[in-house]
There are 2 protein chains.
Amino acid sequence: MVVKIRDVAAAAGVSVGTASRVLSGHPATSESSRRRVTEAASALGYRLNAQARSLRKPHADTLGLLVSDIRNPFFADIAQSAERQALAAGLATLLGNANESTEQQDHYLDLLYSHRVAGMIVAPQGDGGGSLGELLALGVPIVFVDRTIDGVDVPSVTSDNGAGVAAAVSHLADLGHRRVGIVAGPPQTSTGRERLDAYRAAVAECGLDSDPELVATGDFQADSGARGAAALLDLPDAPTAILAADSLMTFGVLDVLRERGIAVGRDLSVIGYDDVAAYRWLRPALTVITHDPARMGSLAVDIILDILAGRPASSVVLESALVVRESTGPAA
Amino acid sequence: MVVKIRDVAAAAGVSVGTASRVLSGHPATSESSRRRVTEAASALGYRLNAQARSLRKPHADTLGLLVSDIRNPFFADIAQSAERQALAAGLATLLGNANESTEQQDHYLDLLYSHRVAGMIVAPQGDGGGSLGELLALGVPIVFVDRTIDGVDVPSVTSDNGAGVAAAVSHLADLGHRRVGIVAGPPQTSTGRERLDAYRAAVAECGLDSDPELVATGDFQADSGARGAAALLDLPDAPTAILAADSLMTFGVLDVLRERGIAVGRDLSVIGYDDVAAYRWLRPALTVITHDPARMGSLAVDIILDILAGRPASSVVLESALVVRESTGPAA
DNA sequence: CTGAAAGCGCTTACAG
DNA sequence: CTGAAAGCGCTTACAG
């Protein structure tokens, strides 16, 4: 019932091989075959079976994309631009949502491999063992986005986390803050660690209080931002400024401040992370550390394409910057 | 170099058929084969080639998901829950982003079909012709989410748009508003049309001004919400309340009000659509028409599973309700 | 430029 | 319960 290439070939009066060559754009075809096959295909409503094709090819015309949380606008932006860029290169995107879980990451990695994707873009987690290590050993083209894993030599597209955080802390120091709190990301992620390290380095650099109690650890979800902020505010000697390490936790922090009636920018300074669209309607406008998820996504695809084409693939580190708006002010 | 089932069979000392049966959980296997094959497979690091498997099966173990805009939080929620539900049923999700374009929708539809997905969940657009019509004719299991197409008989999971809009208009009427503006969605979408129709019916029902100038048409993107609000506000006899037909346009409307220094809830009442997480930080808190994208996504997957299992599949219409918060007040 | 044929890695009747 | 074999729908050397 479903039309296959042999039906097209029969209708066009050519061999299956010739039909295949015409349909896949092989140059060695005559004008007349091309016409007849094309006509037969559209008359019969022929639709290629991508499964069958990719069984003969080293890989399918799909790209695996594994993000940590598709509902996080930062990753939605990465996904959107990666998908667009992949599509332009003729690759369909298989999307996985690791949900900040190493197990689920491994599950998806296996799944993507079993579909013989041409390459995978992943915002990784864990220590580079498990399925990730196995796939790497198999030579599957993988590029990391946003995050990396220590000791795992894979091309990546990341942001210069240090620069943004350093600028943020120094901005706060200039405003007279001495005790700056941070709601850090999970230590299992490179971004969580790098942002925290940069915070510590900048705090030392600027001569601020380096009290370990000023560090709360979250998991990149809103609730943990709220818990972290609450813990910091409940300190006997609470910070006068709080920095959050991603957008969801930033929202959690803001929730707590509102509940407690603390005036952002006046009573307490706040610096958010990831300049997501949803920040746009916050008042006072949020001072943030910003980077470029859309560019991350498209560059990651470019690197996969480089690898597939045998071109040298190199990692890129994108800029990160502080955008000062209204949520930071002089220390109370 | 890559381990295939024949290698596993050889290592286990059984035939390829037996290895296949063990690996795919066929009941007709002996305890001893099961042990030997399982051990051989894990010792060799065998990974199934899903392409090859699905070539022998009626379809792949994948589900196609075609949303209108992955960066729209409403669709991100649908995607998240659909993916989770599909995964639980052993289906990987192939995600497409139609980007509110009928052409791109058709492109993805073709792509998904070429990958022989088990079924497709789509937030549709257009008139039911093109690739959509062809796939339907081929008997591909398709279910619509959020939107439908007139005259196309496909199971769907939608919201009762009429109920929410009616409640919203009536709420405004109760507050004394006579001129209620709407930034409607694109007439190419069922949700765009239904919400507008419900608005018109409710306006008539409540005896409000039915001036056609009170209707601005947007495209479900923020910018069009801003343009629509500006047009409404520039009317010689401007509305005292504005209703927006989706979340992105709601944000656009709010932008314009802020630019113009109009106090939401006092100078002008605003009712938004889709109770997305980003609304949570708006002040004054937004009165909205709410429905349940996560449930939409998982129910849509359930329907696909019903179809695949040969069970009767029926459409479901979810509730939609008005949540009154602070952005609506007495007519000025 | 074209056809005949082998083969991609699996699954599944068919016998036994 | 098991093996041998056919076949899923394509692509691609190999000859010509």
Quick one: which of A/Val37, A/Thr38, A/Thr18 gives a side-chain contact (heavy atoms from CB on, under 4.5 Å) with A/Leu23? A/Val37
Same-atom distance ([atom1]) from [N] to [M], integer angstrom:
N      : M      : atom1 : answer
D/dG16 : D/dT12 : C1'   : 16 Å
D/dG9  : D/dA13 : P     : 23 Å
D/dT11 : D/dA15 : P     : 22 Å

Less than 3.5 Å apart, any donor N or O on the side chain of [X] or [Y] sitting next to an acceptor on the other?
X       : Y        : answer
A/Arg53 : A/Ser24  : no
B/Ser68 : B/Arg147 : yes
A/Arg21 : A/Thr29  : no

Quick one: label A/Ser54 by what it contacts on the DNA or RNA (base, sugar-phosphate, nothing), any heavy atom closer than 4.0 Å. nothing
Just do the side chain to side chain contact (heavy atoms under 4.5 Å, CB included) check on B/Ile142 and B/Leu136 with the steps written out, would you? CA-CA 7 Å; B/Ile142 293 184; B/Leu136 254 12; 3.5 Å; yes
Walk along nucleotides 6-16 of chain D from 5' to 3' and tag each nucleotide B, S or - by protein heavy-atom contact under 4.0 Å, base first, then sugar-phosphate. BBBBBBBB---
Has A/Ser30 got a side-chain N or O lying under 4.0 Å from the OP1 or OP2 atom of C/dT2? yes
Reckon B/Ser15 has a side-chain N or O less than 4.0 Å from the OP1 or OP2 of D/dG3? yes
Going through the distances and angles, do A/Glu83 and B/Arg71 end up as a salt bridge (charged side-chain N to carboxylate O under 4.0 Å, His left out)? CA-CA 12 Å; A/Glu83 191 195 29; B/Arg71 286 191 302 180; over 6 Å; no
All ring pair (Phe, Tyr, Trp, His ring centres under 6.0 Å) counterparts of A/Phe74, not counting sequence neighbours: A/His291
When you look for runs of 3 or more Watson-Crick or G-U pairs in a row, both distances below 3.5 Å, which of them include DNA chain C? C:1-3 with D:14-16, C:5-12 with D:5-12, C:14-16 with D:1-3
Neighbour count >12 (heavy atoms, 6.0 Å) for atom CZ, B/Arg34: yes
